[in-house]
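Down below is the structure, laid out as structure tokens.
Each ligand, and each atom within it, is numbered from 1 in the order the structure gives. No hydrogens, no waters, no symmetry mates; every other heavy atom, side chains included, goes into these values.
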Amino acid sequence: MILSNATVATMTGREPYGLIREAAVVVRDGRIAWVGPEADLPADQDGPREDLGGRLVTPGLIDCHTHIVHGGDRAGEFEMRLEGASYEEVARAGGGIVSTVKATRAASEEALLSGALRFADALISEGVTAIEVKSGYGLDVETELRMLRAARAIERLRPVRVKTSFLGAHAVPAEYAGRNAAYIEEVCLPALRQAAAERLVDAVDGFCEGIAFSAAELEPLFAAARDLSLPVKLHAEQLSHQGGVQLATRYGALSADHVEYATEADARAMAEAGSVAVILPGAFYTLRETQAPPIEAFRAHGVAMALATDCNPGSSPMASLLLTMNMGCTLFRMTPEEALAGVTRHAARALGLQDTGAIAPGQRADLAIWDVGKPAELAYRIGYNPLYRRIFGGEG
Ligand code: DI6
Ligand code: FE
């Protein structure tokens, strides 16, 4: 297949967006075989040509932080918060994450899967070709494993790549209240080992926060991840500064996520460790947070920034990566180019994926074709989806 007469945002090289106008992309055997100015197309690259009429081609989008597998919803809590209750107050009153745990424990694998497919389909309709999915609403061995199985099943039913993260250390369940270390030891570690043995886990995540786990409490979990040769990532410095980034970077984390309260020193540590800052404006917006992540420090230290939906029933009930891009720009003054890199190249890196997220020879042919003329249009409009076509592994 040859996509011709295209504007291609390769997301590689020095040009903004790696943009090539009047370009062609050659796809063979599910991979990019060639990309460049159409005038330079080698004569031996033949095949059916599709004229894209100047439309924009980008890498398929990647949502690198979601909680789309869960039971129930939290619309009631939304109403409570609108009446003035804070997220932390709701959590301490037995709402919040713990209420989703109840609904998730009660749900079958099929119910969890069909619930998740609603959000996966919404993301796919916006050109998403890879989604990260976390566990973390089971908080017991059996339910954590069931969530991960449901996450894996998405990939068998839809043309999308799924990467799973074990988030057993998301909250302390009622039966372990006040016994955080015992919960990690008696539930998280056995669940992680079993999930790893069943190849259900691609990375290990945790929630380092006053309402969840301290950095010291998470250390044994990260040590276990290292023993299992699994990469780590962390919800860090979201609502307060807890030292999560320092823990994560000591373990060479793929990413530190949220990071609103990260410091200059944290940004330096992330740059040194090569950890991606995953920026989650949906949670910031939903919780009406006021502390924005230190975007300027990330830029200054050369920390790669990804953007993701954090799609979850509580703090970020958002299933649109295009809206996420807009929010990254409007709320945090990221540039539209940073926003697109944040949902392609840098999102791939936050998941440890090396074969997707850019348009270059040898990369998987995961592409999104948009009915727009310039790449900044993707972050600019609100509530408008200009996807023209999506190609997944050369198909579509
Ligand atoms: N931080 C978040 O924003 C989500 N999890 C987390 O660790 C919130 C999840 C929820 O409220 O259900
Ligand atoms: Fe999250």
Side-chain angles (χ1 to χ4, degrees), residues 63-78 80-81 85-105 112 115-116 119 131-139 143 147 151 163-173 180 188 203-215 217-218 221 232-240 242 244 248 253-261 276-289 291 293 306-319 324 327 347 350-351:
D63 193 350
C64 68
H65 181 139
T66 87
H67 308 249
I68 60 172
V69 170
H70 59 260
D73 69 82
R74 304 242 289 278
E77 171 184 325
F78 175 59
M80 258 179 85
R81 276 191 287 105
S86 74
Y87 184 66
E88 278 160 302
E89 281 163 359
V90 168
R92 292 191 197 281
I97 292 176
V98 170
S99 74
T100 300
V101 171
K102 214 185 259 174
T104 303
R105 286 179 177 175
L112 291 176
F119 307 119
I131 306 176
E132 185 258 16
V133 182
K134 301 178 193 299
S135 70
Y137 290 119
L139 311 186
T143 315
M147 288 185 73
K163 293 288 266 183
T164 57
S165 299
F166 174 78
L167 183 57
H170 192 194
V172 185
N180 295 17
C188 275
V204 175
D205 196 349
F207 188 17
C208 187
E209 192 53 67
I211 54 171
F213 298 91
S214 69
E217 287 162 354
L218 290 167
L221 181 69
V232 300
K233 41 179 56 240
L234 190 63
H235 289 68
E237 336 296 3
Q238 178 189 3
L239 306 169
S240 58
Q242 297 279 336
L254 287 173
S255 67
D257 301 39
H258 289 287
V259 291
E260 276 87 339
Y261 286 82
V276 175
V278 177
I279 307 295
L280 303 167
F284 176 91
Y285 167 86
T286 300
L287 302 179
R288 299 169 183 270
E289 292 291 319
Q291 169 100 9
L307 273 167
T309 62
D310 196 13
C311 182
N312 76 61
S315 67
S316 188
M318 176 162 86
T324 301
M327 286 181 173
L351 298 180

For atom 4 (C) of ligand 1, tell me which residue out of S316, P313, S315 has the closest non-hydrogen atom.
S315
pair F213-V172: side-chain heavy atoms closer than 4.5 Å
yes
Please classify the E209 to ligand 1 contact at 4.0 Å (heavy-atom distances, strictly less than): side chain, backbone, both or neither.
neither
With heavy atoms and a 4.0 Å threshold, my read on which part of L280 contacts ligand 1 is neither
So, H235 and H65: side-chain donor and acceptor under 3.5 Å apart, yes or no?
yes
Which heavy atom of S316 sits nearest a heavy atom of T309, and at what distance?
OG-O, 2.7 Å
Is there a side-chain contact between R81 and L287, using heavy atoms and a 4.5 Å cut-off?
yes
Give the numbers and elements of all ligand 1 atoms closer than 4.0 Å to a heavy atom of I97.
9 (C), 10 (C), 11 (O), 12 (O)
Answer yes or no: is there a donor N or O on one side and an acceptor on the other, between the side chain of T164 and the main chain of V133, under 3.5 Å?
no
Note: ligand 1 atoms sitting under 4.0 Å from heavy atoms of R74 are 10 (C), 11 (O), 12 (O)
Check ligand 1 against H258 and write out every atom of the ligand that is under 4.0 Å from a heavy-atom position of the residue.
1 (N), 2 (C), 3 (O)
Taking both backbone and side chain into account, is any N, O or S atom of D310 nearer than 2.8 Å to the Fe ion (ligand 2)?
yes
Could you tell me whether the side chain of Q242 and the main chain of A215 form a donor-acceptor pair under 3.5 Å?
no
Shortest non-hydrogen pair, P313 vs R74, comes out as O-CB, 3.3 Å
Which ligand 1 atoms, with their elements, are less than 4.0 angstrom from a heavy-atom of D310?
2 (C), 3 (O)
Strictly under 2.8 Å, is the Fe ion (ligand 2) approached by any N, O or S atom of H65?
yes
Is ligand 1 less than 4.0 angstrom away from at least one heavy atom of T100?
no
For D310, run the side chain to side chain contact (heavy atoms under 4.5 Å, CB included) check against K134, M318, H258 and tell me which one passes.
H258
Please write down residue, atom name and distance for the protein heavy atom closest to atom 5 (N) of ligand 1.
H170 NE2, 2.8 Å
Identity and separation of the nearest protein heavy atom to atom 9 (C) of ligand 1
Y137 OH, 3.2 Å
H70 contact mode with ligand 1 (heavy-atom cut-off under 4.0 Å):
neither
Residues E209 and S240: side-chain donor-acceptor under 3.5 angstrom:
yes
